[in-house]
2 protein chains.
Amino acid sequence: MKQKYNLIANELRRQNIRLSHLRKKVLEYLCQNPNHPTVDEIYVKIHKEVPNLSRTTIYNTLHILIKAGLLRLINIEDNETRYDIATQNHGHFKCEECGAIFDFNIDIDSFPIKELTGFKITDKNVYFKGVCPGCLLNIKNDN
Amino acid sequence: MKQKYNLIANELRRQNIRLSHLRKKVLEYLCQNPNHPTVDEIYVKIHKEVPNLSRTTIYNTLHILIKAGLLRLINIEDNETRYDIATQNHGHFKCEECGAIFDFNIDIDSFPIKELTGFKITDKNVYFKGVCPGCLLNIKNDN
DNA sequence: TTTAAAAATTGTAATGATTACAATTTATTA
DNA sequence: TAATAAATTGTAATCATTACAATTTTTAAA
């Protein structure tokens, strides 16, 4: 958590992007909650400590982090955008029962795709959907 | 094109989903334009032939096809939802310069992910982003 | 063929996330 | 301390999608 925060803080400094008080808060939240939060989840939490916080600030900060290559935007459902500070090579599984998102390791680079030779690839995403073991159990028990 | 249309029409019949005049139009469009259209692209085209067409009808039809497992919703950007009638196992590459989406073959099932044992997986998606060869060439020539 | 019920379609209004932007506040530098 | 730049706020606009009641069309039965 703390290591990741420091790594990102350093990278921002290197890119001459100021880490203001509110941006620190957002970055702390993202590092402490790597559970792919929505904008609203971030806003509601920080708003408790900073009552006159604007949603626009959250959007601004997230956009800056994305532009700096330090945050990844996750599009699984078309009506909810989520953010992921863990930028290692991994996929996402979304449970359609409880809504939780699970990370899983997958080395996408190990499949060279010959149809994409000559393409410049800057971003690779894998996401699965289905039902997680916990919800599968609940569904069974309900019957 | 025609084969795919017939396959889907049969499956709809099997599921007791009526293929009305407008639904036929939408399905024809999707089969003839497997280039991952947006709702608006579909609407604008069919609206030319059917002037008093409602957008809601397009949404309804697409939802019905998705529910029947015959259409796939693609979320790459968070502000544009696209639809894909080709349901074979393939990935999508989106060019961030020209916006085009390219299909590529990838056999996702060939990577068993041990972290997801016990999960019920119903949907697997892979998408990449970057710049396509055509746009790479244009960028080079502009300099 | 006529009629009643069911399904499809329309069109308007509501929703809700995101963005635009001008005004204000805060931080930085000379 | 003053001048400048950057960050933040808050309201209004945008835009895709959904909700829903009214209307039209289709289906199936009498």
Side-chain angles (χ1 to χ4, degrees), chain A residues 8-9 12-30 36-68 70-84 99, chain B residues 8-9 12-30 36-68 70-84 99:
Chain A
I8 293 172
L12 288 175
R13 219 167 288 132
R14 206 186 60 75
Q15 295 190 30
N16 285 317
I17 297 167
R18 289 189 196 160
L19 195 47
S20 69
H21 179 61
L22 287 175
R23 290 182 184 168
K24 269 183 191 163
K25 286 276 179 200
V26 173
L27 189 52
E28 275 169 22
Y29 183 91
L30 289 169
H36 320 92
T38 61
V39 167
D40 225 61
E41 285 164 2
I42 303 167
Y43 173 77
V44 166
K45 178 66 194 306
I46 300 179
H47 183 257
K48 281 178 189 163
E49 298 173 53
V50 186
N52 66 330
L53 174 70
S54 169
R55 268 191 174 76
T56 307
T57 300
I58 308 293
Y59 280 107
N60 281 343
T61 305
L62 296 175
H63 291 164
I64 286 167
L65 289 172
I66 288 170
K67 215 174 167 189
L70 298 168
L71 185 67
R72 173 181 289 256
L73 193 151
I74 315 179
N75 279 129
I76 298 183
E77 299 310 328
D78 54 346
N79 53 349
E80 62 171 28
T81 303
R82 295 179 168 274
Y83 297 87
D84 186 8
Chain B
I8 293 172
L12 288 175
R13 217 168 289 130
R14 206 186 61 75
Q15 295 190 30
N16 285 317
I17 297 166
R18 289 188 196 161
L19 196 48
S20 68
H21 178 61
L22 287 176
R23 290 181 185 171
K24 269 183 191 162
K25 286 277 179 198
V26 173
L27 189 53
E28 275 169 22
Y29 182 92
L30 290 170
H36 320 92
T38 61
V39 168
D40 224 61
E41 284 164 1
I42 303 167
Y43 172 77
V44 165
K45 178 65 194 307
I46 300 178
H47 183 257
K48 282 177 189 164
E49 297 173 53
V50 185
N52 66 332
L53 174 70
S54 168
R55 268 192 175 74
T56 307
T57 300
I58 308 292
Y59 281 106
N60 281 345
T61 306
L62 296 176
H63 291 163
I64 285 167
L65 289 171
I66 288 171
K67 214 173 166 187
L70 299 169
L71 185 66
R72 172 181 289 258
L73 192 151
I74 315 178
N75 279 128
I76 298 183
E77 298 310 328
D78 54 346
N79 52 349
E80 61 171 26
T81 303
R82 295 178 168 277
Y83 297 87
D84 186 7

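Order of the sequence lines sets the chain letters (A, B, ...), proteins ahead of strands, with each chain counted from 1.
In terms of modelled atom types and a separation under 3.5 Å, the side chain of A:Arg55 and the main chain of A:Tyr43 share no donor-acceptor contact. Judged purely by atom type and a 3.5 angstrom limit, A:Arg82 uses its side chain to pair as donor or acceptor with the backbone of A:His36. B:Glu41 contributes a side-chain N or O that, together with a main-chain N or O of B:Thr38, makes up a donor-acceptor pair within less than 3.5 Å. Not a single donor-acceptor pair under 3.5 Å links the side chain of A:Asp84 to the backbone N or O of A:Arg72.
Whole-Å rounding puts the A:Asn16 CG to D:dA6 C1' distance at 13 Å. Atom CG of A:Leu53 is separated from atom P of D:dT8 by 9 Å (rounded to the nearest Å). Distance, A:Leu65 CG to D:dA7 C1': 14 Å, rounded to whole Å. In this structure, A:Asn79 atom CG and D:dT17 atom P are separated by 10 Å, rounded to whole Å. Look at OH on A:Tyr59: it is 15 Å from P on D:dT9, rounded to the nearest Å. Residue A:Leu19 contributes atom CG, which lies 14 Å from atom C1' of D:dA6 at whole-angstrom precision. The NZ atom of B:Lys25 sits 18 Å away from the C1' atom of C:dT10 (whole-angstrom rounding). What separates CG of A:Leu62 from P of C:dA17 is a distance of 15 Å, to the nearest Å.
Within 4.0 Å (heavy atoms only), B:Asp40 reaches no atom of the nucleic acid at all. Counting any heavy atom pair closer than 4.0 Å across all strands shown, B:Thr56 reaches a base atom. If you check every strand for non-hydrogen atoms under 4.0 Å, A:Arg18 touches sugar and phosphate atoms only.
Considering every non-hydrogen atom in both B:His47 and B:Leu53, the closest pair reads N-CD2, 3.8 Å.
Not one side-chain nitrogen or oxygen of B:Thr57 sits closer than 4.0 Å to the OP1 or OP2 atom of C:dA8. Phosphate contact (OP1/OP2 of C:dT9, side-chain N/O of B:Arg55, threshold under 4.0 Å): absent. Between D:dT8 and A:Ser20, a contact under 4.0 Å exists linking OP1 or OP2 to a side-chain N or O.
Checking D:dT9, C:dT9, C:dA17 against the side-chain heavy atoms of A:Asn60 singles out D:dT9 as nearest.
Place B:His21 and B:His63 on DNA chain D by their nearest nucleotides, and B:His63 ends up nearer the 5' end.
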